[in-house]
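For reference, the structure is listed below as structure tokens.
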Amino acid sequence: MYDMNVSTIHTIQNEGLLGSVGNTPLIPLRLLQVGAVEIFAKAEWHNPSGSVKDRPAAAILRAALESGELGGGRVLLDSTSGNMGIAYATLAASVGVSIHLTLPANAGESRKGILHAFGTKLTLTDPLEGSDGARRVAAALAAEQPDRYFYADQYSNPANWRAHFETTGPEILEDTGGKITHFVAGLGTTGTVVGTGRYLREAAPGVEIVAFQPDGPLHGLEGLKNLPSSDVPEIFDPLVPHQILEVSTEAAYAMARRLAREEGLLVGPSSAAAAVAASELAQRLDTGHIVTIFADSGLKYLDQAMWSET
Ligand SMILES: Cc1ncc(COP(=O)(O)O)c(C=O)c1O
């Protein structure tokens, strides 16, 4: 069980790059407004490494530095589908910690290019086994050399969801002046939904927590998981979301083009999927103030098919 309540929240102190994570802008999505239902997106690419994953990466690093688990020159080891790796690479460099990541070999070239620029030690894993396979390889490396590595394991590390409990949730409540009625977010490690959802359930009990996932095992929504066909992350708590929607890759890609061309927002596929889920929810409401998360920008996905009509 978790041991935090709303009154224990503390603000992130100014600690260089680690202290510049969070406090991202909340943008109204004019395009998706339906009658009296408004939708807002938290623009997470404003974080130092360009995605929402700076929040858990900062929290995991800070917790491990404070507990001494990263002492004695230990290397931070984790698996990633890309963004968490870029967040670790950025923030770990800023505090002088070395990292080793496992990443599915079919991760986008721009992600691999960014990690290469940071000089990150990478082990590429079987593309057919996806993020679950990368996690199994990281666990095996950690078991082989326990003294060399601090195995961060974002799927089971409570600092992942706590980052959102301490930062994303309070920011959203403040940004909306308490007006939020629904929170919509995608499921990857599930840290965003679990942490933000737990915070909002405690601090604003009327808010409905709406999670979404890709509609099948094979999808193009990087960073997200179709839970029924995946290893379910240990930090996932099925009691947090009130409902779980499904989004197709095609609908998300079409939305990504609309957001770019009609709203001026160049976002990644999981953000576009969030807009689809929020928009579907909006059609069913008479009034509402929906907040969703735009996890990253479209800049890392320019080589993908989503920008062309099929
Ligand atoms: C682009 C993107 N969207 C969404 C998510 C899902 O967030 P979470 O891991 O908090 O469930 C991730 C996670 O890596 C991501 O990279």
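Index from 1, following the sequence. Numbering of ligands and ligand atoms starts at 1, following listing order. Atoms considered below: every heavy atom in the structure, side chains included; atoms not considered: hydrogens, waters and symmetry mates.
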Judged by modelled atom types alone, do [X] and [Y] share a side-chain donor-acceptor pair under 3.5 Å?
{"X": "Asp215", "Y": "Asn226", "answer": "no"}
{"X": "Gln154", "Y": "Asn157", "answer": "no"}
{"X": "Tyr151", "Y": "Arg74", "answer": "no"}

Please tabulate, one line per pair, the protein N or O atoms found under 3.5 Å from any N or O atom of ligand 1, giving the distance to one decimal.
{"unit_1": "ligand 1", "atom_1": "3 (N)", "unit_2": "Ser270", "atom_2": "OG", "d": "2.6"}
{"unit_1": "ligand 1", "atom_1": "9 (O)", "unit_2": "Lys53", "atom_2": "NZ", "d": "2.8"}
{"unit_1": "ligand 1", "atom_1": "9 (O)", "unit_2": "Thr189", "atom_2": "N", "d": "2.9"}
{"unit_1": "ligand 1", "atom_1": "9 (O)", "unit_2": "Thr189", "atom_2": "OG1", "d": "2.6"}
{"unit_1": "ligand 1", "atom_1": "10 (O)", "unit_2": "Thr192", "atom_2": "N", "d": "2.9"}
{"unit_1": "ligand 1", "atom_1": "10 (O)", "unit_2": "Thr192", "atom_2": "OG1", "d": "2.6"}
{"unit_1": "ligand 1", "atom_1": "11 (O)", "unit_2": "Gly188", "atom_2": "N", "d": "2.8"}
{"unit_1": "ligand 1", "atom_1": "11 (O)", "unit_2": "Thr189", "atom_2": "N", "d": "3.2"}
{"unit_1": "ligand 1", "atom_1": "11 (O)", "unit_2": "Thr190", "atom_2": "N", "d": "2.8"}
{"unit_1": "ligand 1", "atom_1": "16 (O)", "unit_2": "Asn83", "atom_2": "ND2", "d": "2.9"}

| Counterpart residues, ring-ring contact (aromatic ring centres under 6.0 Å, His included), relative to His219 (two or more places apart) | none
| request: Report the residues that fulfil salt bridge (charged side-chain N to carboxylate O under 4.0 Å, His left out) with Glu171, sequence neighbours left out, ordered by chain and then residue number. | output: Lys42, Arg55
| said: Run the side-chain contact (heavy atoms from CB on, under 4.5 Å) test against His46 and tell me which residues pass, sequence neighbours left out. | reply: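 Residues passing side-chain contact (heavy atoms from CB on, under 4.5 Å) with His46: Thr24, Pro25, Ala43.
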